Amino acid sequence: MTFKWVYHQLLSAYGQQHWWPGDSPFEIMAGAILTQNTAWPNVEKAITNLKQQQALNPQTILHTSQTKLAEWIRPSGYFNIKAERLKHYCDWYITQGEYPVLRQWHTEKLRDALLSVKGIGPETADDILLYAFERPVFVIDAYTRRIFSRLGLVNDIEKYEELRHLFESALKHEDDKTALLNEFHALIVWHGKQHCKNKPSCEGCVLRQECDF
DNA sequence: ACCCAGGGTCATA
DNA sequence: TATGACCATGGG
């Protein structure tokens, strides 16, 4: 049982996921913040509102009052906090020179910079690195911890960075590693949702041992 | 009515 | 370092 085996099981079972849903790098970045501890359909409503307001760009978000911004993103939950986080992120993003500048940074430097923005934690930073900047990093989320600890491939108690390096080094010889890590995380999220839906019997679970019993 | 979702920050021990 | 409280909507 290996990481790659799990990947192929999920891919053959569910097919390509075509992540991240979004038309531009900035939409992906905003979505990564809005989806923190939130179901994606709620995020879609918030993004739709931002598009209707022509506000899905860093300049408009930065110059819109936090109160108004919070009202637009209300469906995504935690709207006061997320409005503040979006504005902090846009302030940093514009200051650094936006995508044309940031895309030239080395991955480690870009990660450190992202993590320095208030409201951007490890998972959100890696979402942005992988799906907006197409860097070969892996995103560790609650599904990943739960599924792979049940499979006996990782320890749930390990820290975020330890788990991330474990996945990345296990798959480092794959060609087009970015595309693989992109697909892998998306598949894990999809599988996690399916599994929750099938609890507790979990019949037809392609990973078998991942069932709850 | 209850549980949780594609997390992160901050205060406390 | 490591817990706990807090943030808040919407779907099951």
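Naming: A, B, ... by sequence-line order, numbering from 1 per chain. The model shown is predicted, which means the values in this text are computed figures rather than measured ones.
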For nucleotides C:dA5 and B:dG6, find the distance between their P atoms and express it as a whole number of Å. 24 Å

Rounded to the nearest Å, what distance is computed from the NE2 atom of residue A:H191 to the C1' atom of nucleotide B:dG6? 15 Å

Using a cut-off of 4.0 Å on non-hydrogen atoms, how would the nucleic acid contact of A:S76 be classed: base, sugar-phosphate, or nothing? nothing

Per side-chain contact (heavy atoms from CB on, under 4.5 Å), A:S149 is matched among A:T144, A:N155, A:V154 by A:V154

How many whole angstroms separate atom NZ of A:K82 from atom P of C:dG10? 12 Å

For A:I81 and C:dT9, what is the distance between atoms CD1 and C1' respectively, to the nearest whole Å? 13 Å

Would you say A:Q54 has more than 12 foreign heavy atoms packed within less than 6.0 Å of its CD? no

Considering only side-chain heavy atoms of A:E123, which listed nucleotide, B:dG8, B:dA5, C:dT9, is closest? B:dG8

So, for A:W190 and A:W19, is the gap between ring centers shorter than 6.0 Å? no

Let me know the distance between CG of A:N37 and C1' of C:dC7, rounded to the nearest Å. 9 Å

A:W40 stacking on B:dG6: centroids under 5.5 Å, ring planes under 30°? yes

Spacing of A:E158 atom CD relative to C:dT1 atom P, expressed in whole Å: 16 Å

Out of C:dG10, B:dG6, C:dA8, which has the shortest distance to the side chain of A:N42? C:dG10

Just compare B:dG6, C:dG10, B:dG7 and give me whichever is closest to any side-chain atom of A:T35. B:dG6

Okay, side chain of A:R145, backbone of A:D156: is any donor-acceptor separation there less than 3.5 Å? yes

Short side-chain donor-acceptor distance under 3.5 Å, A:K87 and A:T64: no

What is the distance, rounded to the nearest whole Å, between atom CD1 of A:I157 and atom P of C:dT3? 10 Å

Between A:Q96 and A:W105, is there a side-chain heavy-atom distance shorter than 4.5 Å? yes

Roughly how many Å apart are C:dT9 and B:dA1, using the P atom of each and rounding to a whole number? 16 Å

Under 4.0 Å between a side-chain N/O of A:T38 and OP1 or OP2 of C:dT9, yes or no? no

Are A:F184 and A:F138, when compared by the centres of their aromatic rings, separated by less than 6.0 Å? yes

Between the base of B:dG6 and the ring of A:W19 - centre-to-centre under 5.5 Å, planes within under 30° - is that a stack? yes

Separation of B:dG8 P from A:L34 CG (nearest whole Å): 13 Å

Is it true that A:Y14 and A:H191 share a donor-acceptor pair across their side chains at a distance under 3.5 Å? yes

When all nucleic acid strands are considered with a 4.0 Å heavy-atom cut-off, which category describes A:K45: base, sugar-phosphate, or nothing? sugar-phosphate

Pairing string of DNA chain B (Watson-Crick or G-U wobble, both atom distances under 3.5 Å; | = paired to other strand) is .||||.|||||||

Given the P atoms of B:dC10 and C:dA8, what is the spacing between them in whole Å? 14 Å

Do A:T38 side-chain atoms and A:S76 backbone N/O form a donor-acceptor pair below 3.5 Å? yes

Please state whether the phosphate of B:dG8, meaning OP1 or OP2, lies under 4.0 angstrom from any side-chain nitrogen or oxygen of A:Y78. no

A:Y160 side chain to A:D126 side chain, donor-acceptor N/O pair below 3.5 angstrom: yes

Output the rounded distance in Å from CZ (A:R74) to P (C:dG10). 8 Å

Taking any heavy-atom pair under 4.0 Å as a contact, classify A:N80: base, sugar-phosphate, or nothing. sugar-phosphate

Could you walk me through whether A:Q53 and A:E71 pass the side chain to side chain donor-acceptor pair (under 3.5 Å) check? CA-CA 11 Å; A:Q53 298 291 339; A:E71 194 53 40; over 6 Å; no

Taking only N/O atoms, report every protein-nucleotides 9-13 of chain B pair under 3.5 Å with atom names and distance.
from  : atom 1 : to     : atom 2 : distance (Å)
B:dT9 : OP1    : A:G119 : N      : 3.1

